[in-house]
Amino acid sequence: MLLIDVARTSAAVASDAARLAKIAHLAELLSRVGPDEAEIAVAYLSGELPQRQIGVGWRTLQDVPEPRQVAVATLTEIDSLLQRIKAQSGAGSQAARKALLADLFGAVTRQEQSFLQRLLTGELRQGALDGVMIEAIAKASGAPSAEVRRALTLRGWLPAVGAAALRGGVEELRAFRLEVGRPVAPMLAQSAPNVTAALEKIGGPAAVEWKLDGVRVQAHRSGEHVGVFTRTLDDITAQVPELVEAVLALPSDDLVLDGEVIALRPDGRPEPFQVTGGRVASKTDVAVLRETVPLSVFFFDALRAGGADLLDLPDEERHAALEAAVPPELVTPRLVTADAEEGEAFFADAVRRGHEGVVVKSPSTPYAAGRRGAGWIKVKPRHTLDLVVLAAEWGSGRRNGWLSNLHLGALDPETGGFVMLGKTFKGLTDELLTWQTEQFLRLAAGPTEDWVVSVKPELVVEIAFDGVQRSTRYPGGMALRFARVLRYRPDKRAEEADTVAAVRALMP
DNA sequence: TTCCGACAGTGGGGTCGCAAT
DNA sequence: ATTGCGACCCCACTATCGGAA
């Protein structure tokens, strides 16, 4: 199959807003692709590469050669070129990668160039990724989408699942099982403003668990071999020896556990996320780092234990299996209750101890990996500040033509100026985007950069955020974590905004 | 007919590894 | 030694479609 076929299908998918039409376009192409190229086609049309990442981003793709006039490149040819690019490493590799990229882009038409560029930068923007592709695979293969979804949960990689479905239909999909040593797509949580609301959503008794601000881990043990994987299924076994040892110390040698690693201080309180994240990402000097920044692990789920696969069992049964397999000090603290007051108190205690919040879990839901089902609901405290808009950036995609991303500052009473604390684009409705674009253009101050418009610091906006963290990027040495817009405060003048000191008081 | 679950898009801060400078 | 880039940890929120109620 030619790359142009895939690029044209992608264009058709993008041009139809209706999901059923997108699915029809994708299924039509999948029904035509041969078995050797099915995995590539599924990958490209769901915004992935068979190689996952190849070390090429937006900067490397700045200048590409003139396109060909005639489309001749096959999926197999493109795939092997990308494979060669990924294989480049060591001194001179950047030049080698650029040369191969020039070959690649010189061998395809303008439409294919655009497609590849968006694919490689992870910005396909055709309104279809895994969710729509699952339905398309189902349609093209004749297998029920629930079977496709289940196989994806167990295999964690849709191109492989799609190829299997197209090759062998539902029978081949059913051959996917939980394999110890191969990560499963992790179950995700929705969110609620408080424990009371979360309990209401679940209706009846629920488990309320500490939410630790660390890194999600899935630990597999088969015999004396342990593998540890992140949320995106990357293998981090070598970076977390403490976790490997903890799993090897368990009595069972046949386990798949879900949990969180976190760096704790000697007094047991959690380090800021930056510390845990940095430690987990470090690949060098791990033996030294484990002395200075030791990691602890807390498990909250068992996908395999006691010689059985547990994914389809309800939460309370999986948790019972977890408690049987793991000593209590390695199990995430948890309270089962239907009482909102009790749940809120448990939440308040977790936060008081420095943790991120809680996750409220329905006792009856199976491990529904990969879908943000209503089985798990996270609850975190929310801070707010009234800050001043210092500038705004032109948006892209559906926000084209709107000033979207806000630069936020706190008042510095000493100078009467403002100290930037970060940016946000979240929480804005189309109506608000329209309104603020008008306001910012009215308040535009000085020369306007390419994509940034500086504005007179007059508009006050109420910002919600999860916390304040240390920053080397911003002048105050602080940045907001997960900042989002709640509302504008036309009733407040800039001189009445919250101060730098007020923000500093929130630093851990 | 209305409601709501699931999805995709639109970007945020921080940190590490690596190659180039 | 420093800088820039790519990858990947953590992520919130809105608009939209289409099936559920």
Side-chain angles (χ1 to χ4, degrees), chain A residues 13-14 16-23 46-47 52-62 88-97 120-135 149 188-191 212-217 230-234 236 239 260-261 272-285 289 356 370-374 378 380 382 393 395-400 402 404-408 421-433 463-474 478-486:
Chain A
V13 168
D16 271 313
R19 275 206 286 272
L20 293 176
K22 292 178 191 288
I23 291 165
S46 57
R52 288 195 73 175
Q53 303 296 337
I54 62 165
V56 170
W58 66 275
R59 194 66 177 81
T60 319
L61 295 170
Q62 284 298 75
Q88 292 297 325
S89 68
S93 62
Q94 200 161 307
R97 266 205 302 276
L120 289 172
T121 53
E123 297 178 333
L124 202 51
R125 292 177 169 140
Q126 60 177 17
L129 294 169
D130 276 15
V132 174
M133 181 55 88
I134 285 170
E135 300 298 330
R149 204 172 281 279
L188 305 173
Q190 297 183 338
S191 54
L212 301 171
D213 194 9
V215 173
R216 182 85 176 266
V217 285
T230 64
R231 211 168 79 97
T232 51
L233 313 189
D234 283 299
I236 55 162
Q239 287 124 272
E260 191 93 358
V261 279
F273 172 75
Q274 288 159 298
V275 173
T276 296
R279 166 61 216 276
V280 171
S282 294
K283 296 180 181 196
T284 54
D285 298 326
L289 281 172
E356 201 184 2
R371 297 194 102 172
R372 287 189 186 270
K378 60 182 157 188
K380 300 193 278 185
R382 194 188 71 176
E393 299 177 12
S396 62
R398 78 178 295 283
R399 290 199 177 181
N400 225 315
W402 275 324
S404 168
N405 201 3
L406 309 179
H407 295 198
L408 304 167
L421 294 170
K423 309 178 191 177
T424 186
F425 57 91
K426 295 170 182 165
L428 298 164
T429 59
D430 289 0
E431 192 186 353
L432 213 44
L433 283 162
I463 298 294
F465 59 100
D466 277 23
V468 181
Q469 53 189 354
R470 295 175 58 87
S471 172
T472 53
R473 174 179 317 208
Y474 291 110
M478 309 179 286
L480 302 182
R481 194 165 179 215
F482 309 142
R484 59 267 191 191
V485 172
L486 286 184

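Per chain, numbering begins at 1; letters A, B, ... match sequence-line order. All values below come from the heavy atoms of this structure, side chains included, with hydrogens, waters and symmetry mates left out.
- Among the atoms of the strands shown, none is found under 4.0 Å from any heavy atom of A:Val280.
- Within the 4.0 angstrom heavy-atom criterion, only backbone atoms of the sugar-phosphate kind lie near A:Val56; the bases stay farther away.
- Residues passing the side chain to side chain donor-acceptor pair (under 3.5 Å) test with A:Gln469: none are found, sequence neighbours excluded.
- The backbone N or O of A:Val56 sits nowhere less than 3.5 Å from a side-chain atom of A:Thr60 that would complete a donor-acceptor pair.
- Within 6.0 Å of CZ on A:Arg484 lie more than 12 heavy atoms contributed by other residues, nucleotides or ligands.
- With sequence neighbours excluded, the residues that form a side chain to side chain donor-acceptor pair (under 3.5 Å) with A:Arg398 are A:Asp430.
- With respect to A:Glu260 and A:Arg216, no salt bridge is recorded, no charged nitrogen being found less than 4.0 Å from a carboxylate O.
- Within the 4.0 Å cut-off from OP1 or OP2 of C:dC10, at least one side-chain nitrogen or oxygen of A:Arg231 is found.
- Here the nucleotide nearest the side chain of A:Ser471, chosen from B:dG14, B:dT10, B:dA6, is B:dG14.
- Checking the phosphate oxygens (OP1, OP2) of C:dC5, a side-chain nitrogen or oxygen of A:Arg59 falls inside 4.0 Å.
- Within 6.0 Å of the CZ atom in A:Arg470, the count of heavy atoms belonging to other residues, nucleotides or ligands does not exceed 12.
- Residue A:Ser396 places none of its side-chain N or O atoms closer than 4.0 Å to OP1 or OP2 of B:dT10.
- Contact check, A:Trp58 against C:dG6: a side-chain N or O comes under 4.0 Å of OP1 or OP2.
- Look at A:Asn405 and you won't find any side-chain N or O under 4.0 angstrom from OP1 or OP2 of B:dT10.
- In the helix from B:dA8-C:dT14 to B:dT21-C:dA1, the end axes, each obtained as the rotation axis mapping the C1' atoms of four pairs onto the next four within a five-pair block, lie 20° apart to the nearest 10 degrees.
- Counting non-hydrogen atoms under 4.0 angstrom, A:Asp213 reaches nothing in the nucleic acid.
- Distances were taken from every side-chain heavy atom of A:Leu20 (C-beta onward) to each of B:dA6, C:dG19, C:dC9; the shortest belongs to C:dG19.
- Salt bridge status for A:Arg382 with A:Asp466: absent, with no side-chain N to carboxylate O gap under 4.0 Å.
- When the side-chain nitrogen and oxygen atoms of A:Lys22 are compared with OP1 and OP2 of B:dA8, none of them lie within a distance under 4.0 Å.
- In the set B:dG13, B:dG11, B:dA8, B:dG11 carries the atom at the smallest distance from any side-chain atom of A:Ser404.
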task: Give the intermediate values and the outcome of side-chain contact (heavy atoms from CB on, under 4.5 Å) for residues A:Glu135 and A:Arg149.
output: CA-CA 9 Å; A:Glu135 300 298 330; A:Arg149 204 172 281 279; 3.7 Å; yes
task: Starting at the 5' end of nucleotides 15-21 of chain B, put B wherever the base has a protein heavy atom under 4.0 Å, S where only the sugar-phosphate does, and a dash everywhere else.
output: SSS-SS-
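- Residue A:Ala128 is in sugar-phosphate contact alone, with no base atom involved, counting any heavy-atom pair closer than 4.0 Å across all strands shown.
- The side chain of A:Arg481 lies closest to C:dC10 when the candidates are C:dC10, C:dA12, B:dC7.
- The shortest non-hydrogen separation linking A:Lys426 to A:Phe482 is NZ-CA, 4.3 Å.
- Listed nucleotides: C:dT14, C:dA12, C:dG6. Nearest to the side chain of A:Thr429: C:dT14.
- Heavy atoms of A:Gln126 sit under 4.0 angstrom from primed sugar atoms or phosphate atoms, though from no base atom.
- Side-chain N/O atoms of A:Gln469 include none lying less than 4.0 angstrom from OP1 or OP2 on B:dG13.
- Among the heavy atoms of the strands, none lies under 4.0 Å from A:Thr424.
- In this structure, A:Arg125 reaches the B:dT10 phosphate: one of its side-chain N or O atoms is under 4.0 Å from OP1 or OP2.
- Annotation: side chain to side chain donor-acceptor pair (under 3.5 Å) contacts of A:Thr232 (sequence neighbours excluded): A:Thr230, A:Asp234.
- A:Ala479 comes within contact range of the sugar-phosphate backbone alone, with a heavy-atom separation under 4.0 Å but no base atom that close.
- Side-chain proximity of A:Thr230 to B:dT10, C:dA12, C:dC9: nearest is C:dC9.
- When distances run from any side-chain atom of A:Asp234 to the nucleotides C:dC11, C:dC17, C:dC8, the shortest one goes to C:dC8.
- Across the interface with DNA chain C, nearest-nucleotide mapping of A:Arg19 and A:Val217 shows A:Val217 to be the residue nearer the 5′ end.
- Across all strands, A:Ile54 comes closer than 4.0 Å only to sugar-phosphate atoms, never to a base (heavy-atom distances).
- By the side chain to side chain donor-acceptor pair (under 3.5 Å) test, A:Arg481 pairs with A:Asp213, sequence neighbours left out.
- Nearest-nucleotide positions on DNA chain B for A:Phe273 and A:Met133 put A:Met133 closer to the 5' end.
- Computed from coordinates, the A:Ile134 CD1 to B:dA8 C1' distance equals 13 Å when rounded to whole Å.
- Ranked by how close their nearest DNA chain C nucleotide is to the 5' end, A:Gln53 and A:Ala17 are led by A:Gln53.
- Relative to the side chain of A:Lys423, the nucleotides C:dC5, B:dG12, C:dA12 differ in distance, and B:dG12 lies closest.
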